[in-house]
Amino acid sequence: MDFNQIKETGSEYLFQNYGRMDLAFTHGEGCYLYSTDGTRYLDLVAGIAVNAIGYSHPLWVSAMQAQVARLAHVSNLYHIPEQAELASRIASVAPGDLKRTLFVNSGAEANEGALKVAVRYTGRGKVLSALGGFHGRTAASLGATGQEVYRNSFEPLISDAFQYYEFGNCEQIKEMVGPDTAAVMVEPIQGEGGVRTASTEFFKTVRDVCTDRGALMIADEVQTGMGRTGKWFGIENHDVVPDIITMAKGLGGGAPIGAVVTTDEISAVMTPGTHGTTFGGNPLVCASGNAVFTVMKEEHLVEHSHDIGARWMSELRAIGSEKIKEVRGNGLMIGIEMDSAETAAKVKAHCLSNGILVNVCHGTTVRLVPPLIINDVQKAMFNKALKECL
Ligand SMILES: Cc1ncc(COP(=O)(O)O)c(C=O)c1O
């Protein structure tokens, strides 16, 4: 199919729930995507913080090919070696005594799972989450999403278990966490909310208040996990160990996988039958996760994310344009706050016409979440395009 046929067929047969750009890709390699008309694009979106090791990494491709040829899916009725291996690798990098993993299929499902764990462990029914946050589109994860724009018209599906706090407001956390609070959810950096973070004091306050009052602290690391922020997990930038971490995106390097990671003690409440999913952690997606781990370790991508991200942010700050209000983030999760939605849209369009893909979130924030293998030459390509546009 050529591009027009793809577009026409999609518009006839697909739900029209995405605002898609006039682009379709045939293949990718490293940090580049190739469109149907043969144009090469430097991809600073990475499937929205998914393709951590870039496209078509040879080690990942051969691991996936071998796994498909051997065994793609088998039920969780049986032991799955690739799953056990991936769980042990997550435990080896997770902070504190977070060591047990439940595999699911997406970020939203990981958050649903974490909420079930929290409610069952505490026997309580209220969940606090941040205004401006994003936790997914399923009923409970949507309930936890503190942005009305996503919840509007789905209210009948959303329980009254959810209450929202102002991200970064320590006093509010101290006031709101009560005897009926099962969990406080935090994103170490709000991704969809515009690449916004809060102070270390805030995350420590959440930790302390949860410990004092018997609530669980859930860190949604769906976007910030797997080295994205220059540490394996974004919450490590604040020296805080939550009770539960949720993951997805970068974990699978393109395969749909999510994970709930917690302690021995907390995981013990999830006895057989309390939760499950047909596809969760099947051999194929776990082989993918294992290959991602191998590449990340061999190529030191967490350290690279930290170093190149820090250099990039100082270069962006040094541009010193009045149209750039702020540059924020950690590692390779960078938000450039423009002076208006119009400027952000112009930057995106100028980049596109120069063969660079960027994403704008929250209207005014140009978000950079490239593959973690991005190099200085590629970083400079974006800087040049940004300066030209400004
Ligand atoms: C922090 C966070 N949590 C949850 C989700 C939902 O993940 P998924 O789209 O895989 O359900 C996202 C997706 O953008 C996210 O950024």
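Note: hydrogens, waters and symmetry copies are ignored here, and every other heavy atom, side chains too, is used. In listed order, ligands and their atoms are each counted from 1.
- Ring-plane geometry between Tyr41 and Phe25 is classed as perpendicular, the angle between the planes exceeding 60 degrees on a 0 to 90 degree scale with a lower cut at 30.
- Those atoms of ligand 1 that come under 4.0 Å of a heavy atom in Glu187, given as number and element, are 1 (C).
- The ligand atoms of ligand 1 that sit less than 4.0 angstrom from a heavy atom of Val222 are 2 (C), 3 (N), 4 (C), 5 (C), 7 (O), 12 (C), 15 (C).
- Under 4.0 Å from ligand 1, not a single heavy atom of Thr246 appears.
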Query raised in the report: Does the pair Arg311 and Asp376 meet the rule for a salt bridge (Lys or Arg N to Asp or Glu O under 4.0 Å), with working shown?
Result: CA-CA 9 Å; Arg311 286 202 300 280; Asp376 283 291; 2.9 Å; yes
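- Glu388 and His350 share a donor-acceptor pair across their side chains, judged by distance under 3.5 Å alone.
- Each of Thr138, Thr145, Thr246 was scored for a side chain to side chain donor-acceptor pair (under 3.5 Å) with Asn111, with one residue passing: Thr246.
- When only non-hydrogen protein atoms are considered, atom 16 (O) of ligand 1 lies nearest to Gln223 NE2, 2.8 Å.
- Two rings, from Tyr150 and Phe134, have their centers less than 6.0 Å apart.
- Note: Ser288 OG to Glu82 CD = 11.5 Å, rounded to the nearest 0.5 Å.
- Side-chain contact annotation: Ser141 with His135, donor-acceptor N/O pair under 3.5 Å absent.
- With no hydrogens or angles considered, a side-chain donor-acceptor pair links Glu265 and Tyr121 at under 3.5 Å.
- Nearest to atom 13 (C) of ligand 1 among the protein's heavy atoms is Lys249 CE, 3.4 Å.
- Residue contact annotation: Asp220 has a non-hydrogen atom under 4.0 Å from ligand 1.
- With a 4.0 Å heavy-atom cut-off, ligand 1 is reached by the backbone of His135 but not by any atom from C-beta on.
- Proximity to Ser106 (heavy-atom distance under 4.0 Å) selects the following atoms of ligand 1: 10 (O), 11 (O).
- At the top of the distance list for atom 8 (P) of ligand 1, counting protein heavy atoms only, stands Gly107 N, 3.5 Å.
- Heavy-atom distances between Glu109 and ligand 1 stay at or above 4.0 Å for every pair.
- Every atom of ligand 1 with a heavy atom of Asn111 under 4.0 Å away is listed here by number and element: 3 (N), 4 (C).
- Scanning the protein heavy atoms around atom 11 (O) of ligand 1, the nearest turns out to be Ala108 N, 2.8 Å.
- No side-chain heavy atom of Cys286 sits under 4.5 Å from any side-chain heavy atom of Glu85.
- Residue-level proximity to ligand 1 for Glu192 is carried by the side chain, the only part with a heavy atom below 4.0 angstrom.
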